[in-house]
J.: 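Please see the structure below; I have some questions.
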Amino acid sequence: MTGETLRTAIEELKKAVHGLDNALDMRFDRERDQGEIEGEVRRVNVDRSRLAQELDQSEFRANRLEEVNREVSRRLVTAMETIRAVLDR
């Protein structure tokens, strides 16, 4: 091997190592980005679960308030009828 051939081989090896280094950097960046995306998906799923639970609780409270409202209305009607009956005597 001549000196020029050796220098050419070394330059090609440097380029290959540099290309490999760049490829590894890009791979690590993609994996880091993927990890960040997966973390965000987990956070969104936790938020979705929490919001679904809060919605269920709100619906339960709304249904309970509706039941209480009907009972209060029924009692008011009964009270008004009783008052009318007393006044009509």
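Both backbone and side-chain heavy atoms feed into the values below; hydrogens, waters and symmetry mates do not. Numbering of residues begins at 1 and proceeds along the displayed sequence.
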J.: Are there over 12 heavy-atom neighbours, none belonging to Arg70, within less than 6.0 Å of that residue's CZ?
T.: yes

J.: Just wondering, do Asn69 and Ser73 contact through their side chains at under 4.5 Å, heavy atoms?
T.: yes

J.: Can you confirm whether Arg50 is buried at CZ, in the sense that more than 12 heavy atoms of other residues, nucleotides or ligands lie under 6.0 Å from that atom?
T.: yes

J.: Using the side-chain hydrogen bond (donor to acceptor under 3.5 Å, both in side chains) criterion, which residues pair with Glu12? Sequence neighbours excluded.
T.: none

J.: Would you call Arg30 and Gln34 a side-chain contact if the rule is heavy atoms closer than 4.5 Å?
T.: no

J.: For residues Arg43 and Glu36, report the shortest heavy-atom separation together with the two atoms involved.
T.: NH2-O, 4.2 Å

J.: Atom CD of Glu31 and atom CG of Asp29: how far apart are they, to the nearest 0.5 Å?
T.: 10.0 Å

J.: About how many Å separate CG of Leu87 and CE of Met80, when rounded to the nearest 0.5 Å?
T.: 12.5 Å

J.: I need the Asp47 CG to Glu54 CD distance, nearest 0.5 Å.
T.: 9.5 Å

J.: Within a 6.0 Å radius of atom CZ on Arg75, are there more than 12 heavy atoms belonging to other residues, nucleotides or ligands?
T.: no

J.: Drop me the distance from Gln57's CD to Arg64's CZ, to the nearest 0.5 angstrom.
T.: 16.0 Å

J.: Does a side-chain N-to-carboxylate-O contact under 4.0 Å join Glu11 and Arg7?
T.: no

J.: To the nearest 0.5 angstrom, please state how far the CG atom of Asn63 sits from the CD atom of Glu66.
T.: 6.0 Å

J.: Side-chain contact test, heavy atoms from C-beta onward, threshold under 4.5 Å: evaluate it for Glu4 versus Thr8 and give yes or no.
T.: yes

J.: Can you tell me how far CD1 of Ile83 sits from CG of Asp88, rounded to the nearest 0.5 angstrom?
T.: 11.5 Å

J.: When clusters are formed from ILVMFWY side-chain contacts under 4.5 Å, directly or step by step, what else is grouped with Val72?
T.: Val68, Leu76

J.: What I'd like to find out is whether the side chain of Arg42 reaches to under 4.5 Å of the side chain of Val46, using heavy atoms alone.
T.: no

J.: Enumerate donor-acceptor pairs with a distance under 3.5 Å from any side-chain N or O in residues 13-23 to protein atoms, sequence neighbours excluded.
T.:
| residue | atom | partner | partner atom | Å |
| --- | --- | --- | --- | --- |
| His18 | NE2 | Asn22 | ND2 | 3.3 |

